[in-house]
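In the text below, chain A, chain B and the rest are named by the order of the sequence lines, each starting its count at 1. From a predicted model like this one, the values you see are computed outputs, not experimental measurements.
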2 protein chains.
Amino acid sequence: MNPSAVKCVLVLLPKEMHLLMSASRGCARSGPAMAAALESLESCLERHIPPAELAEVKRILYGGEARKLDLPTAALSAAQEKGFELQGYGFGAALEQLRRPRIVRVAALHRRIEEIVGVAAMCGVNIVCFQEAWTMPFAFCTREKLPWTEFAESAEDGPTTKFCQELAKKYNMVVVSPILERDELHGGILWNTAVVISNSGALLGKSRKNHIPRVGDFNESTYYMEGNTGHPVFQTQFGTIAVNICYGRHHPLNWLMYSINGAEIIFNPSATIGTLSEALWPIEARNAAIANHCFTCPINRVGTEYYKNAFTSGDGGKAHHELGHFYGSSYVAAPDGSRTPGLSRTQDGLLVAEMDLNLCRQVSDKWNFKMTGRYEMYAEKLAEAVQPFFIPNIIKE
Amino acid sequence: MNPSAVKCVLVLLPKEMHLLMSASRGCARSGPAMAAALESLESCLERHIPPAELAEVKRILYGGEARKLDLPTAALSAAQEKGFELQGYGFGAALEQLRRPRIVRVAALHRRIEEIVGVAAMCGVNIVCFQEAWTMPFAFCTREKLPWTEFAESAEDGPTTKFCQELAKKYNMVVVSPILERDELHGGILWNTAVVISNSGALLGKSRKNHIPRVGDFNESTYYMEGNTGHPVFQTQFGTIAVNICYGRHHPLNWLMYSINGAEIIFNPSATIGTLSEALWPIEARNAAIANHCFTCPINRVGTEYYKNAFTSGDGGKAHHELGHFYGSSYVAAPDGSRTPGLSRTQDGLLVAEMDLNLCRQVSDKWNFKMTGRYEMYAEKLAEAVQPFFIPNIIKE
């Protein structure tokens, strides 16, 4: 067991919650997985493919070479000192006659929230989003209620929201803070919720996870239900944002409704592991950016968590103490089909992405997916399809 | 001008239509584009990345190494003789107790339909799909009605359908034949239509393109309207199939409705060019396979077509004679997130993919996207969203 890795988890938490994370209460640790040798797909391509072909490979795979941001030396040094990856990329847009560029910097983080947010601030970040249920281990694999449900807290005035409000004010930054919510207004039930805090420090609102997984060890439906906050978007000083939490990434209609409500950037705070979803990860959020003419920002945990009590996985295998390797690889995808490289698969990290939000409307006017979407037809067809005695349109010889 | 390239277009056509394709009537030629140097992304990766890392790269990019099919020597020789690429890959599934494996072989073709279908038959192909509007140059960029609308013909008893019925019977193969349809029943109007023919030679039915592009030089809305055949699926002896034509690829709801009606394989016959869509190509159909627990098979044209009369592109540039390079790259994506490599970006080719259709339900039972899809909610939300005075859910400070 690597003691510095344990420290990584502990500093994730606001001070009030540190006590919950002790070894005597089913503690989790976090560190690089044995099998996760490839630190990132993109760095592997860079290392081996000659420059002329590399440009074509990047064009086909990523929609071109992402522009590297010139990040401040102080930020780069701080990242090196603290031992985390720092990457910055920029997306452009055409100049317009009637609108000025609307430049915003967003950040995706892998772990160690407080210290990394400080570096994000040095990089001029305006909006930051943390990983799903960032204050706790992702222990839903255990199916144990205690001690994990002790992490649940009020979205409005819990310690994590207060902590994030301080961060938001201190750094003039919009903060998206995904937590396990305890809803005292409705019998103390739990939700998987993202709290959105304005750069003024004011609580803007919350957005609950709309689609709940029942796959592999992701036994989340044991803990909370499908969200009832719909598809709110938050109009911030820096742009209109929405939060599609984790498994909602697999549902194109979920992305669509955030976009129809006006989201220009949709964050996707996640917790997902290599054996389950790594081949899907580069596809889904990027497809959503394309299909909805918006930016998307999927953010994953990184490392492997350890749970004190062994659990089985419903696959005939032996009981074990780990869920699997969270493969990081957070990235930002743009409406024109381009994307940044991913953060490391194995290390803590900070990804800064600068974007001109004017690109959303420019791409929409070019491709017209909303105009050509025929949503009236689909509203009718879906309403028919959910009927218990729906008759599908099947043609036979 | 390369005479063998002209031949390529001409042999595409059933005998009855050859006369339409003469140089005196705005002929198109087809051949490799100057700029399209990289023959395929996958072969480039294979060439440069060392084996151990390549396995990881393929796992992350493609969901693993596709199993290569052992194709008959006669087919491999025929492909070599005729000078086109032949690739074969297989997708597996777990063995079940109550269902036998449902193995089917499908084929995607780049050009030279008649001779390549013969080789597909040698490879045991059960279902074949041709490229969009396969009997004609993709001349909608010109905005000229004549001579192009002369290619339109009856889906039910036009020469192309008759030609395909012969092929289907000869090779015991289901044939999906996308054409420009002339609908004599309704005033002789045009549609962009896929005709589906059973392996018995019987006409199963047709499926019209649901979403029509208004992007770049794709002036298709000048020629035909949004399809009115809904989302039919065709129950064939080899599996239940559907056809999502070209620009419908960008619309997740279009894929969804074919899937809700029961499609296990959705073909996507296309005609799209590098500068417009190449970064989107590997994403959209693959996302659809994942999101809908089905196989998808996007098929593109390959080569560059030449039009006699110059046309402008609405971008301030000079009038020119070419639409751009159709980049081929046809592939098959599986419900588990894996996919085959793409066919060549520059050459004629045949991709054979073997799949066990049992994988669709296996992945659906694992991931549950339909069960967790909340379609009732989306039916209501979409019905609200299309109202002229819809009020989006925007939260402000």
Side-chain angles (χ1 to χ4, degrees), chain A residues 38 41 44 48-49 53 56-57 60-63 198 200 202 204-205 210-212 214-215 226 230-235 250-253 257 260-262 278-280 283-284 286-287 290-291 337-338 366-369 372-376 378-379 381-383 385-386 392-397, chain B residues 38 41 44 48-49 53 56-57 60-63 198 200 202 204-205 210-212 214-215 226 230-235 250-253 257 260-262 278-280 283-284 286-287 290-291 337-338 366-369 372-376 378-379 381-383 385-386 392-397:
Chain A
L38 200 69
L41 176 66
C44 174
H48 296 298
I49 299 176
E53 283 170 271
E56 269 296 89
V57 166
I60 296 171
L61 271 183
Y62 299 119
S198 168
S200 70
L204 262 177
N210 278 325
H211 300 269
I212 310 297
R214 284 103 169 136
V215 51
E226 278 70 16
H231 297 81
V233 304
F234 301 92
Q235 190 174 306
H250 308 298
H251 290 278
L253 276 160
M257 277 313 306
I260 281 180
N261 280 322
E278 194 159 357
L280 283 54
I283 302 298
E284 295 167 313
R286 190 161 164 218
N287 190 74
I290 294 166
S338 66
K366 174 182 176 186
W367 276 103
N368 296 310
F369 296 153
T372 58
R374 306 186 73 182
Y375 302 131
E376 270 165 300
Y378 291 108
K381 283 181 181 278
L382 283 175
V386 294
N393 186 359
I394 301 174
I395 297 174
K396 300 173 190 179
E397 190 164 350
Chain B
L38 199 69
L41 177 65
C44 174
H48 295 298
I49 299 177
E53 284 171 88
E56 269 295 270
V57 166
I60 296 172
L61 271 183
Y62 298 119
S198 168
S200 70
L204 262 177
N210 277 325
H211 300 269
I212 309 297
R214 285 104 167 134
V215 51
E226 278 70 16
H231 297 82
V233 304
F234 302 91
Q235 191 175 306
H250 308 298
H251 291 278
L253 277 160
M257 278 312 306
I260 282 179
N261 280 322
E278 195 160 356
L280 283 54
I283 303 297
E284 294 167 313
R286 190 161 164 218
N287 190 73
I290 295 166
S338 66
K366 175 183 176 186
W367 277 104
N368 295 309
F369 297 153
T372 58
R374 305 187 73 182
Y375 301 131
E376 269 164 300
Y378 291 108
K381 282 181 182 279
L382 282 175
V386 294
N393 185 359
I394 301 174
I395 296 174
K396 299 174 190 177
E397 190 165 349

Practice task
Tell me, with the steps shown, if Leu61(A) and Leu61(B) meet side-chain contact (heavy atoms from CB on, under 4.5 Å).
Solution key: CA-CA 9 Å; Leu61(A) 271 183; Leu61(B) 271 183; 3.8 Å; yes

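Residue contact with chain B, scored on non-hydrogen atoms closer than 4.5 Å, involves the backbone and the side chain of Leu280(A) alike. At a 4.5 Å heavy-atom cutoff, the contact between Leu41(A) and chain B is made by side-chain atoms alone. If you measure heavy-atom distances from Ile283(B) to chain A, the contacts under 4.5 Å come from both the backbone and the side chain. For a residue to count as touching a neighbouring chain, one of its non-hydrogen atoms must lie under 4.5 Å from one of that chain's; by this rule Ile212(A) touches chain B with the backbone only. Heavy atoms closer than 4.5 Å to chain A are found in both the backbone and the side chain of Val215(B).
Minimum interatomic distance between Gly337(A) and Ala279(B) (heavy atoms only, all atoms of both residues): O-CB, 4.1 Å. Residues Pro252(A) and Pro252(B) come closest through the heavy atom pair CB-CB, 3.5 Å. Summarising the geometry of His251(A) relative to Phe369(B), their closest heavy-atom pair is CE1-O, 3.1 Å, with the distance given to 0.1 Å. Across every non-hydrogen atom of Glu53(A) and Cys44(B), the tightest pair is OE2-SG, 3.5 Å. Heavy atoms only, all atoms of each residue included: Ala385(A) and Ile260(B) are closest at CB-CG2, 3.7 Å. Heavy atoms only, all atoms of each residue included: Lys396(B) and Gln235(A) are closest at CE-OE1, 3.4 Å.
Between chain B and the options Ser338(A), Ala202(A), Gly63(A), Pro392(A), heavy-atom pairs under 4.5 Å are most frequent for Pro392(A). Across Gly262(A), Pro232(A), Ser198(A), the residue that shares the most heavy-atom pairs under 4.5 angstrom with chain B is Pro232(A). Of the listed residues Tyr378(A), Tyr62(A), Tyr375(A), the one with more heavy-atom pairs under 4.5 angstrom with chain B than any other is Tyr378(A). Between chain B and the options Val233(A), Ile290(A), Leu382(A), Ile49(A), the largest number of non-hydrogen pairs under 4.5 Å is found for Val233(A). Looking only at heavy-atom pairs under 4.5 Å with chain A, the residue among Lys366(B), Arg374(B), Arg286(B) that has the most is Arg374(B). Heavy-atom pairs under 4.5 Å with chain A were tallied for Leu204(B), Leu253(B), Val386(B); the largest tally goes to Leu253(B). When the candidates Glu284(A), Arg214(A), His231(A) are compared by the number of heavy-atom contacts under 4.5 Å with chain B, His231(A) comes out ahead. Looking only at heavy-atom pairs under 4.5 Å with chain A, the residue among Ile395(B), Asn368(B), Asn210(B) that has the most is Ile395(B).
Residues that satisfy the salt bridge (Lys or Arg N to Asp or Glu O under 4.0 Å) test with Glu278(A), not counting sequence neighbours, are Arg345(A), Arg59(B). In this view, Glu397(A) satisfies the salt bridge (Lys or Arg N to Asp or Glu O under 4.0 Å) rule with no residue, not counting sequence neighbours.
The backbone N or O of Asn393(B) sits less than 3.5 Å from a side-chain atom of Asn261(A), completing a donor-acceptor pair.
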